[in-house]
Amino acid sequence: MGKYVLGVMKGDGIGPEIVTETVKVLHAVEAAIDGLEFDCKELPIGLDAYETMGSTLPEQTINALKKCDAGILGPLTTHSYEKDNPHTVNASGALRRKFDLYANIRPARNFPGVKTRYDGIDLVVVRENTEGMYADRNLYYGNGEIMPDPDTVLSFRVVTRKGSERISKIGLELANARKKKYASLVHKMNVLDKGCGLFVNSAKKVANHYPEVKIDDYHIDAFALHLVQRPEDFDVIITTNMFGDILSDLTAGLVGGLGLAPGLNLGDDFMIAQATHGSAPTIAGQSIANPTAEILSAKMMLEWLGIRHQDEKAAQAANLIEEAVEQVLLQGIKTPDLGGNASTSEYGDALVHYIKEKAVSVQGSSLK
Ligand code: NAD
């Protein structure tokens, strides 16, 4: 393979800044590794797309994305979108539904050079991504929140056997491939006995096919406690949509913040790389956003492309990006959220510089 068409969607707020650095880093590994090529196609999305094309998720973007090998998506300032306007959909949620990207993979681990309260954390939140509580994506038609009278709101939460089984399979495959071989099922079955019950029972049934993986299950409230008391004990955390959304911000906080928290929206045939965090509007346009989470999301995309196409070069590029992030952080080049004074682009430049130097130092091997 070696040549990939990537749909690049910058998003709102800090999105354009962090996605620009991500593309820069991708071009650096492309230049460093013989036979690896990226055709990055910028596709309109978010508030800019609404202004210029009348929709936060134009049909053209969806159609173009269908022709890509994978997507890279920045965050969107969805709290400010008009809620009842069909042209201002939350494009993150809509893309997850449209491309059936049912698994949201959000790793959190300690990085060298980043001081945190905790050591030894290396875990992954595997969050169901297409059903659950989020009203803009849990029904085929309509919105999962209704008001029978002006003072009452009913919110639907959708849990299906199919959704529970397939997210569990992804999580258990991942746990089986990792060192600890340990999965935690997180739920609130003591109260939500039907929905969480279906989720846990489905997961346990799937787990019978993974005898090597140790399984525990936890109530979400107690699990939040365990996560801050002994985060180093956990490995793969499999959970429903909203619990996973909340827990993955918590786990980002354990390892240094949202600037270090990457993510993948994964389906059976397609994926979109997207950091865990939102569009951080209060720091947008100041060149102080940390692009690491988005860059590491693209690194996860390369790992996926490497597995899907049995392409060692994509896997090699993923390793090179991760090494560059570790080494640059160790050198103390950090954005302000991590206590440094590098701008978003200075940090990106440092990664590019590391990748170029590495390519020169190993000339004659598989790098150029
Ligand atoms: P947020 O994740 O944008 O920000 C939370 C905090 O983390 C803020 O202090 C912010 O400055 C900081 N932060 C986040 N990313 C950072 C980065 N890369 N570098 C440095 N600091 C960073 O969450 P929020 O404030 O709740 O939401 C802001 C907007 O983003 C809202 O409109 C929300 O709806 C939207 N949102 C979008 C997504 C998405 O598109 N996937 C996800 C979550 C929130």
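All residue numbers refer to positions in the sequence shown, counting from 1. Both ligands and their constituent atoms are indexed starting at 1 by order of listing. Side-chain atoms are counted along with the backbone in the values below, which use heavy atoms only and exclude waters and symmetry mates.
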Under 4.0 Å between a side-chain nitrogen and a carboxylate oxygen: does that hold for [X] and [Y]?
| X | Y | result |
| --- | --- | --- |
| Arg178 | Asp122 | yes |
| Lys169 | Glu165 | no |
| Arg109 | Glu322 | yes |
| Arg308 | Asp69 | no |
| Asp39 | Lys3 | no |
| Asp235 | Lys181 | no |
| Lys24 | Asp349 | yes |

Item to check | Between CE on residue Met271 and CH2 on residue Trp304, distance to nearest 0.5 Å | outcome: 6.5 Å
Pairs of nitrogen or oxygen atoms closer than 3.5 Å, one from [X] and one from ligand 1: do any exist?
| X | result |
| --- | --- |
| Ser80 | no |
| Gly278 | yes |
| Ala280 | yes |
| Thr276 | no |

Please could you name the atoms of ligand 1 that [X] approaches to less than 4.0 Å, counting only its heavy atoms?
| X | result |
| --- | --- |
| Ser92 | 39 (C), 40 (O), 41 (N) |
| Pro75 | 40 (O) |
| Asn290 | 17 (C), 18 (N), 19 (N), 20 (C) |

Structural part of [X] in contact with ligand 1, heavy atom criterion under 4.0 angstrom:
| X | result |
| --- | --- |
| Ile14 | side chain |
| Pro281 | side chain |
| Ile283 | side chain |
| Gln274 | side chain |
| Leu258 | side chain |
| Ser279 | both |

Below 4.0 angstrom, counting only protein heavy atoms, does anything approach [atom]?
| atom | value |
| --- | --- |
| atom 9 (O) of ligand 1 | no |
| atom 17 (C) of ligand 1 | yes |
| atom 26 (O) of ligand 1 | no |
| atom 34 (O) of ligand 1 | yes |

For [atom], what's the nearest protein heavy-atom neighbour? Residue, atom name and distance, please.
| atom | result |
| --- | --- |
| atom 15 (N) of ligand 1 | His277 CG, 3.2 Å |
| atom 40 (O) of ligand 1 | Leu76 N, 2.9 Å |
| atom 32 (O) of ligand 1 | His79 ND1, 2.6 Å |

Item to check | Parallel, tilted or perpendicular: rings of Phe223 and Tyr218 (30°, 60°) | outcome: tilted
Checklist entry - Does some side-chain heavy atom of Lys98 sit less than 4.5 Å from a side-chain heavy atom of Leu65? => result no
Checklist entry - If we ignore angles and hydrogens, is there a donor and acceptor under 3.5 Å between the side chains of Asp12 and Tyr81? => result yes
Item to check | Cation over ring face, Arg97 and Tyr134, 6.0 Å, 45° | outcome: no
